[in-house]
Number of protein chains: 2
Amino acid sequence: MDIARSEVFEAGTPVACRSCQARHGVVCGALSNAQLKELNRHSLRRKVDAGSEIIAQGSESSFYSNIMRGVIKLCKMMPDGRQQIVGLQFAPDFVGRPFVRESTLSAEAATDAEICVFPRNLLDRMIAETPELQRNLHDQALNELDAAREWMLTLGRRTAEEKVASLLHLIATHAEPQTAISTAFDLPLSRAEIADFLGLTIETVSRQMTRLRKRGVILIENSRHIVVPDMAELQKISA
Amino acid sequence: MDIARSEVFEAGTPVACRSCQARHGVVCGALSNAQLKELNRHSLRRKVDAGSEIIAQGSESSFYSNIMRGVIKLCKMMPDGRQQIVGLQFAPDFVGRPFVRESTLSAEAATDAEICVFPRNLLDRMIAETPELQRNLHDQALNELDAAREWMLTLGRRTAEEKVASLLHLIATHAEPQTAISTAFDLPLSRAEIADFLGLTIETVSRQMTRLRKRGVILIENSRHIVVPDMAELQKISA
DNA sequence: ATCCGAGTTTGATCTGAATCAAATCGTAAC
DNA sequence: GTTACGATTTGATTCAGATCAAACTCGGAT
């Protein structure tokens, strides 16, 4: 009888991802019930504190993840200590580099976060077996590529003021609103991290923020909490 | 008898891509004989002169291509004319943005080039039907993403001298050597294009090139033809 | 051969952002 | 509450690269 019920379950009822509680992720949304059950046996939900490193640059990582909550920053570090943030990822993004063992960048929680962790070997097999999963990951890779190239334009050709406005606009667009006012949000990054994202120094970031404040484009409630009275104006300055 | 011979051909003999004369491309390498025959009926080889635009930023493109020969540059332009080159592509790279109709960047031949042109609709169908093709394109997207992020580090955190050295090293690594000496090559880009790739001005690029020349790191035969006596030194300056 | 013009190099000067240096702010520990 | 310390802001000065301006190079047209 157990077997019979199990069979029915397998055929008709959708299985939820044990970590996501659903099937909303890039990974678990693309799997069959049988695959998801197998994945459930080997994946786990993990809480990570702000600042903790998920993947280290130059290391071999044995797992991938899905972001459930929070913001993950992708960093590249030079031997002399210079650092560049090369991407920000939000829920429900996939984190990891399929097909290559050694990571050329580090992934670090910018805020407290929760991630769904999958073993690399198992997921690699599922990618090879599941065109829809491959398609989802391909899609995300292409979106990240578009974002990276947009950011190359920002880094190469925009002024400090435009850079800061671009970042605020990016965060306002991607972060979940903190209050009912959709134009208020908490910065997931410190001034130092913003500087490392924009190719600037902390002092320049700080000065540009106060300039935007004095011009009435933003309100700074405290250094992390920002309100944008006129989002269109912010966007105009970005471009 | 014709039919019988055709059948044997279908089963055993590999079909060559009409444009590539082979199956070396990202696209045609992944297809079955039957698919390749269909693709052959609808694809064509095209010569493009240096400077001619293959895809326009903001336009809908109805085709993809494979680079057979030459160098293609990917550019992003701002409304006020500021420009950033966000990628260089070499044979046998794939050119195009699967899954999105409108291009957010322009693709332009940096040198005289030859490309294999495929209709978008047909190739989209083949991607959906052919996991190996999807895998190849996914792979290329991830490699381009790695390259874009490496370049973000260059744009955000490297000095003008390091930027120029990085570019010379990139070209030396990717371009086919022009002579027997593997450290001599022709720049596929003008000073203005190099400036747009590195987020600098032409004057700064020129000055850094002469500095490298005076330090004995490179020889400039004419403004386009470069010889690198000590590639390790060049690489050291890049990092 | 000479002329032309785009592309490149070189020079002089300026400026936006970096660097150096202090003063505040915020908050966690006591 | 007071202390202490890291994060942020603000100020003064410097500098790498931009801008403005003028030669120079070289390949192609006449």
Tell me what A/S223 touches on the nucleic acid: a base, only sugar-phosphate, or nothing, going by heavy atoms under 4.0 Å. sugar-phosphate

Could you state the CD1-P distance from B/I220 to D/dC26, rounded to the nearest angstrom? 12 Å

Checking contacts here: which listed nucleotide (D/dT8, C/dA21, C/dT9) is nearest the side-chain heavy atoms of A/E203? C/dA21

Nearest to the side chain of A/T159, heavy atoms from C-beta on, is which of D/dT10, D/dT8, C/dA17? C/dA17

Provide, to the nearest angstrom, the distance between the CD1 atom belonging to A/I194 and the P atom belonging to D/dT8. 8 Å

C/dG11 P sits how many Å from B/I202 CD1, rounded? 17 Å

Rounded to the nearest Å, what distance is computed from the CG atom of residue A/L198 to the P atom of nucleotide C/dG16? 18 Å

Check every atom of D/dT9, D/dG17, C/dA18 against the side chain of B/A160 and return the nucleotide holding the closest atom. D/dG17

Can you find a side chain N or O atom of A/T210 that sits less than 4.0 Å from OP1 or OP2 on D/dT9? no

Let me know, please, whether B/R157 or A/E221 comes out on the 5' side of the other along DNA chain C by nearest nucleotide. B/R157

Please work out if B/S190 contacts a base, only the sugar-phosphate, or nothing of the nucleic acid, heavy-atom cut-off 4.0 Å. sugar-phosphate

With a 4.0 Å cut-off, would you call A/E144 and B/R149 a salt bridge? yes

Is a salt bridge present between B/R46 and B/E114, judged by a nitrogen-to-oxygen distance below 4.0 Å? no

Nearest-Å distance for atom pair CZ/C1', residues B/R191 and D/dC26: 14 Å

Could you check whether A/R215 pairs with A/E233 (Lys NZ or Arg NE/NH1/NH2 to Asp/Glu carboxylate O, under 4.0 Å)? yes

Protein-nucleotide distance (B/H225, atom NE2; D/dG27, atom P), rounded to Å: 14 Å

So, do A/F185 and A/H225 have ring centers that fall under 6.0 Å from each other? no

Is B/T204 near enough to D/dA18 that one of its side-chain N or O atoms lies under 4.0 angstrom from OP1 or OP2? yes

Let me see the working for B/F118 and B/F63 under ring-ring contact (aromatic ring centres under 6.0 Å, His included), right down to the final yes or no. CA-CA 6 Å; B/F118 313 113; B/F63 58 87; 10.0 Å; no

Quick one: A/R207 CZ to C/dA18 C1', roughly how many Å, whole number? 9 Å

Determine the contact category for A/L200: base if any of its heavy atoms lies under 4.0 Å from a base atom, sugar-phosphate if only primed atoms, P, OP1 or OP2 are that close, otherwise nothing. sugar-phosphate

Rounding to a whole Å, what distance do you find between A/I226:CD1 and D/dT9:P? 9 Å

